[in-house]
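Note sheet for the following structure.
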Amino acid sequence: MAAARDVPVVIVSNRGPLSFTLDAAGRPVPAGSAGGLAGSLHGLVAGTGAWWVACAMSDADRAAGEAGLMAEDGLHIATVSPERAVYDLAYDTVSNAALWFVHHHLYDLARRPRFDRGWRTAWDAYRAFNQLMADQVCRVASDGAVVLVQDYHLALVPAMIRSARPELAVVHFSHTPFADPGVLRVLPEASSAELLSGMAAAVACGFHTRRWADAFVAGCVDHGIDPPSTFASPLAPDAGRLAERAASPASQRAAERIEEMVGSRRMILRVDRMELSKNLVRGFWAYDDLLRHHPEHQGSVVFVALAYASRQSLPEYLAYRAEVEQTASLLNERWATGSWKPIVLDVADDADRSFAALTRADVLLVNPVRDGLNLVAKEGPLVNRRDGVLVLSREAGAADELAGAALVVNPFDVAATADALHQALVMAPEQRAERAADLRRLVLARPPRRWLDDQLAAAGR
Ligand code: G6P
């Protein structure tokens with residue numbers, strides 16, 4: 001096995017570096033670059049000869065695996081193919097409808113969650129899925145390898161690897177926040193205890209900020225479990241790759257389309273998955289408040305909300321998308337004139353358009369209710385060409401690094417968010433330039449490679 005540096009490395013994540021869709025003839029074709037953690041990690045380990053163990057998430061991924069397409073020079077990809085029913089329970093019911101909600105504090109506790117007996121079956125499936133992934137790691141990992149387990153889908157994997165291959169150095173890294181202990185108590189005790197001890201079997205557990213690491217440690221203490229060592233290491237975007245992307249002909253064409261849409265108006269932008277934690281609806285209400293209390297912006301600003309569909313098999317996500325779309329329509333009906341559409345909401349998954357929009361934005365709104373890091377908050381300042389102002393939630397992990405140069409808001413405070421949008425729109429050019437330069441400096445202060453190095457160091461290698 002080749003190495004990411006000197007040591008053999010195995011990355012393990014639910015979503016892998018390559019994903020596929022089926023074309024009209026039923027043949028697997030690449031689905032474009034994955035966002036989120038898979039996209040960022042891919043750049044870091046491409047060409048290093050590392051192993052990457054991931055799930056074949058769809059029929060197209062499975063077909064691609066069978067056709068030998070799950071392959072790339074300089075990277076060894078090994079997929080697992082759980083039974084559909086097992087995977088749906090592990091991914092939808094446990095990982096996304098429960099663990100994601102717990103870690104992001106998304107439950108409306110008067111009504112949800114309700115852990116009936118079906119939960120136990122779902123948890124068994126989650127355990128079985130984790131075991132499949134752990135078994136695959138044990139098959140491919142050479143002696144002395146470092147295993148970097150990613151995210152909440154795979155919380156039990158460290159303990160499973162430790163019992164089968166105790167000589168491997170396993171690190172677990174969470175890209176989400178970690179639930180505060182009081183919220184973690186929502187989970188059935190047997191599940192939360194297994195989750196924590198599963199992670200605690202790692203040599204170390206990493207998070208994007210100290211705040212999430214401390215929450216994990218507090219959860220362990222609350223459950224009487226000895227916490228492992230923890231570390232905070234925020235991911236950083238690859239500036240070179242972003243610059244190339246923003247300069248590509250496809251992004252240039254997308255930029256022209258955006259220019260036609262926005263014209264000479266100022267542009268408030270958000271770029272997210274269509275996701276409850278991203279707080280799109282309050283973002284629109286903040287814009288409504290802005291237009292009402294600062295009528296000078298009516299007609300001269302466009303709010304472009306790019307929110308590509310996500311996890312559409314979950315009813316919570318479908319309902320949220322409907323609420324986002326209804327709110328945008330309502331506010332457009334309220335404020336639009338013959339020549340001005342105040343909100344442009346686009347749910348297409350179009351990375352070129354997103355990059356082009358990030359270069360053109362005058363204000364970038366990143367207002368999640370809770371977010372492990374939020375890479376958009378770091379990518380925006382690197383590609384933006386208009387000294388765009390960043391309005392950033394204090395609940396995003398990225399606020400730790402960027403607070404000094406962003407306008408920081410409480411994401412629940414719609415009026416304060418409207419004030420920040422106004423402040424961003426009327427800010428003097430020199431101040432905008434200064435803040436934009438500061439943002440770039442803060443983002444660039446951390447080379448992307450540091451994140452991988454921190455994990456290798458935490459593994460003791
Ligand atoms: C977040 C998670 C990732 C996940 C991504 C996209 O960033 O931390 O683990 O891959 O969202 O979600 P999806 O469910 O589509 O993989």
Side-chain angles (χ1 to χ4, degrees), residues 15-24 28-44 46 58 60-61 64 69 72 235-275 278 280 283 302-312 321 324-325 328 341 343-366 373-388 390 436 439-440 443 448:
R15 186 175 286 281
L18 305 180
S19 60
F20 293 80
T21 52
L22 294 176
D23 68 10
V29 289
S33 65
L37 81 89
S40 311
L41 268 61
H42 197 175
L44 289 174
S58 63
D61 286 355
L69 298 174
E72 185 180 288
L235 257 177
D238 180 334
R241 203 163 57 93
L242 285 181
E244 263 172 45
R245 191 75 201 259
S248 73
S251 288
Q252 302 288 340
R253 283 194 297 277
E256 284 161 23
R257 289 199 300 276
I258 287 171
E259 216 48 67
E260 278 164 26
M261 190 166 77
V262 179
S264 59
R265 297 188 164 102
R266 318 287 299 286
M267 174 179 173
I268 298 174
L269 173 70
R270 69 176 309 138
V271 180
D272 304 281
R273 279 186 305 115
M274 182 65 87
E275 156 66 47
K278 303 297 182 189
L280 284 109
V302 178
F303 187 166
V304 176
L306 307 179
Y308 57 99
S310 174
R311 303 178 190 164
Q312 296 290 285
R321 176 177 170 167
V324 167
E325 289 175 339
K341 186 175 181 190
I343 297 178
V344 177
L345 170 63
D346 187 346
V347 298
D349 184 358
D350 181 347
D352 294 318
R353 179 217 49 190
S354 300
F355 273 99
L358 286 170
T359 64
R360 167 63 176 80
D362 297 290
V363 181
L364 178 62
L365 175 62
V366 180
L373 179 74
N374 199 295
L375 261 186
V376 173
K378 291 182 152 189
E379 290 169 343
L382 289 187
V383 299
N384 184 264
R385 299 198 184 119
R386 291 170 69 98
D387 292 337
L390 175 64
L439 279 171
R440 278 193 291 277
V443 174

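No side-chain heavy atom of Val304 sits less than 4.5 Å from a side-chain heavy atom of Ile258. Side-chain atoms of Arg273 and Tyr308, non-hydrogen and from C-beta on, do get closer than 4.5 Å to each other. Using a 4.5 Å cut-off on side-chain heavy atoms (C-beta onward), Leu18 and Pro30 make no contact. With contacts defined as side-chain heavy-atom distances shorter than 4.5 Å, the pair Ser248/Glu244 does not qualify.
Judged as a side-chain hydrogen bond (donor to acceptor under 3.5 Å, both in side chains), and not counting sequence neighbours, the contacts of Glu325 are Arg321. Take Phe303 and apply the ring pair (Phe, Tyr, Trp, His ring centres under 6.0 Å) test, not counting sequence neighbours, and it matches Phe284, Tyr287. Glu72 meets the side-chain hydrogen bond (donor to acceptor under 3.5 Å, both in side chains) test with His42; sequence neighbours excluded. In terms of the side-chain contact (heavy atoms from CB on, under 4.5 Å) criterion, residue partners of Ala236 (sequence neighbours excluded) are, by chain and number, Lys378, Arg446. A search for side-chain hydrogen bond (donor to acceptor under 3.5 Å, both in side chains) contacts involving Asn384 returns nothing, not counting sequence neighbours. For Arg386, the salt bridge (charged side-chain N to carboxylate O under 4.0 Å, His left out) partners at least two apart in sequence or on another chain are Asp362. Shown here are the side-chain hydrogen bond (donor to acceptor under 3.5 Å, both in side chains) partners of Thr21, two or more places apart in sequence or in another chain: there are none. Under the salt bridge (charged side-chain N to carboxylate O under 4.0 Å, His left out) criterion, Asp272 pairs with Arg270, not counting sequence neighbours. Legend: residues meeting side-chain contact (heavy atoms from CB on, under 4.5 Å) with Ala60, ordered by chain and number and at least two apart, are Phe20, Leu22, Ser58.
Without hydrogens or angle criteria, Gln312 side chain to Ser310 main chain gives a donor-acceptor distance under 3.5 Å.
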(message) Set out, in order, the CA-CA distance, both residues' side-chain angles and the distance that settles side-chain contact (heavy atoms from CB on, under 4.5 Å) for Leu242 and Leu358, then state yes or no.
(response) CA-CA 11 Å; Leu242 285 181; Leu358 286 170; over 6 Å; no
(message) Determine whether Val347 and Met274 satisfy the following criterion, side-chain contact (heavy atoms from CB on, under 4.5 Å), listing intermediate values before the conclusion.
(response) CA-CA 8 Å; Val347 298; Met274 182 65 87; 3.7 Å; yes
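Taking both residues in full, the closest heavy atoms of Leu306 and Ser354 are given as CD1-CA, 3.9 Å, listed atom of the first, atom of the second, then distance. For the residue pair Ala246 and Thr359, the shortest heavy atom distance occurs at CB-CG2, 4.1 Å.
For the side-chain contact (heavy atoms from CB on, under 4.5 Å) test with Glu379, the passing option among Leu375, Val383, Leu382 is Leu375; the others fail.
Applying the salt bridge (Lys or Arg N to Asp or Glu O under 4.0 Å) rule to pairs touching residues 347-359 yields Arg245-Asp352, Arg257-Asp350, Asp346-Arg353, sequence neighbours excluded. Judged as a side chain to side chain donor-acceptor pair (under 3.5 Å), the pairs with a partner in residues 259-268 (not counting sequence neighbours) are, in order, Glu259-Arg360.
Distance check, rounded to the nearest 0.5 Å: CZ of Arg15 to CG of Leu37 gives 9.0 Å.
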